[in-house]
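Right, one structure below, let's go through it.
To find a chain, count down the sequence lines: A is the first, B the second, and so on, and within it residues start at 1.
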There are 2 protein chains.
Amino acid sequence: MLTNERHAYILKKLEKKQTVKIQELVDETSASESTIRRDLTELENQQKLERVFGGAILPGRNLIEQSVTDKSTQNLNEKIQVARAAAELVKTGDSVFLDAGTTTFQMVPFLKNKDLVVVTNGLTLLDTLNEYGITTYLTGGLFKPKTSAFVGSQTIQALKNYRFDICFLGVNGLHEEYGYTTPDPEEAAIKLLASSLSRKTFVLADHSKINQVSFAKIMDLENAILIIDSMPTEKLDAYRKKTSVKVAHE
Amino acid sequence: MLTNERHAYILKKLEKKQTVKIQELVDETSASESTIRRDLTELENQQKLERVFGGAILPGRNLIEQSVTDKSTQNLNEKIQVARAAAELVKTGDSVFLDAGTTTFQMVPFLKNKDLVVVTNGLTLLDTLNEYGITTYLTGGLFKPKTSAFVGSQTIQALKNYRFDICFLGVNGLHEEYGYTTPDPEEAAIKLLASSLSRKTFVLADHSKINQVSFAKIMDLENAILIIDSMPTEKLDAYRKKTSVKVAHE
DNA sequence: ACATAATCAATCAAAATCGTTCATAAACAA
DNA sequence: TTGTTTATGAACGATTTTGATTGATTATGT
């Protein structure tokens, strides 16, 4: 039996029965347990199924929703705290830019019923925004699967057609001297542009980003208001000399 | 056994069984393993099949993906046939526009390894294109959940930044007098614009669309080459007086 | 909580398959 | 004839897939 045939067999059975057991597959395909196990891990990598102890089940959802359910998000509770505080700053009827990122993503549920127009370059946000009935424009552009974000000149071009009341940016680094930074220069360019098109700019971060410096600089601390879940008092004083800081409390 | 005979034999068997194994072919044709292997690589270059370890499978959408494919698509086999014929027209290095739609979606598997740049306004295509490692630009714009397509002025604006070697459009209606039509005027506008930005335009349809008229007109028959799975002879003659028609055969 | 059984990930060696090279033989052209 | 092209099969080392083994991990029954 060819490798592909086995894979097809497994998926067909999975679709029909909802679950498959390794031992059954060993009997039915007369391949060794090792081979079946390898097949399953391979198919799991292709997101065609999900491994469980002793077999496999149908995968959770489609690609878009999967990244939503991503439990690997670090500091989730802190991010939600920040996201809620940020969402409270949005007024009914505002035009809003939401950066691609996990923190901005958490804002979406808090934005419903505000009659907004939202523009984003993050694919993951699109689905959820639509789910909450929020009118959404996607910038488009070159798609980067790794971050599920759109970047590049087309994205820049598309952005320039808009003016925002308010924009929210996620960052990876937050440093008194080096300002706000992020790993990808292309995404940095987008963030900076969005900020310049907005009347107000807010940067979202959790405390783990303090004193971190990523590769590409976005802007100086002075040019945006920081929203963060918590910050040591002495740091806070120092930062407040440079910019506004809003600490999100439960 | 002659080379051509072997090739025909292999393809016939492949058609019937979905997969062929090299060892089987060696036994059945009493040719050496080397010869069979040469046959398979040759047929792969002709895109008639796809090599896998130990044998070959049908090209494009392989067994695995077939079992996962959304079966709710009407006339799937016809669409795949059309899609394959369409994909053969794409040359290495081309810049391609793919319309949002189920038929264009079926083209994706046949486009890999062609080093393309693809632009689309269909969200469903994005995932699959990336899966096959194809550089993809999404137009962006206002998202219509119903068709998973982006439309509106921003989409138009974004499109105008491109020029395409070749563009493929799906249609809902196909009529001698009324030309190509589709239910949504906004999508019609996108299709028309894309066509005007392309050196060559192909319209994809299956035979169920013949004589149908949808709400919004896209263009006259003259302005694009039609690719269809089959068409009654007398119709075909009539159409051929107006435009080029390519009938996809197995 | 404990013991037992099932499953797991990792490793290794054997087997199958791969791509390549080379030599032979048939088909073809000058 | 002679030389050239084309198809073929055999042989080689390289690569991929496979199955068995091991000790660790997880589930299950008492």
Return the value, rounded to whole Å, for the distance between atom [atom1] of [X] and atom [atom2] of [N].
X	N	atom1	atom2	result
Lys21(A)	dC8(C)	NZ	P	13 Å
Asn4(B)	dA27(C)	CG	P	15 Å
Ile22(A)	dA27(D)	CD1	P	13 Å
Glu44(A)	dC8(C)	CD	P	11 Å
Leu25(B)	dA16(C)	CG	P	18 Å

*Across the strands shown, which category fits Val26(B) at heavy-atom distances under 4.0 angstrom: base, sugar-phosphate, nothing?*
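Here Val26(B) touches no strand at all.
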*List the atom of Thr201(B), the atom of Ser195(B), and the distance in Å for their closest heavy-atom pair.*
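Scanning both residues, the minimum pair turns out to be OG1-OG, 2.9 Å.
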_Footprint string (nucleotides 9-19 of chain D, 5' to 3'): B base within contact, S backbone only, - free, heavy atoms under 4.0 Å_ = BB-----SSBB
_Run the salt bridge (charged side-chain N to carboxylate O under 4.0 Å, His left out) test on Lys235(A) and Glu176(A) for me, step by step, so that the C-alpha distance in whole Å, both residues' side-chain angles and the decisive distance to 0.1 Å come before the verdict._
CA-CA 9 Å; Lys235(A) 277 274 169 203; Glu176(A) 266 181 81; 3.3 Å; yes
_Of Arg51(B) and Gly55(A), the one whose closest DNA chain C nucleotide lies more 5'_ = Gly55(A)
Quick check for you: to the nearest 0.5 Å, what is the distance between [X] atom [atom1] and [Y] atom [atom2]?
X	Y	atom1	atom2	value
Asn121(B)	Leu123(B)	CG	CG	10.0 Å
Glu88(A)	Met107(A)	CD	CE	10.0 Å
Lys13(A)	Gln18(A)	NZ	CD	13.5 Å

*Between dT17(C) and Arg37(B), is there an OP1 or OP2 to side-chain N/O distance shorter than 4.0 Å?*
no
*Does Gln23(A) put a side-chain nitrogen or oxygen below 4.0 Å from OP1 or OP2 of dA6(C)?*
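For dA6(C), neither OP1 nor OP2 has a side-chain N or O of Gln23(A) closer than 4.0 Å.
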*Do the side chain of Glu44(A) and the main chain of Arg51(A) share a donor and acceptor less than 3.5 angstrom apart?*
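Yes; at least one donor-acceptor contact below 3.5 Å.
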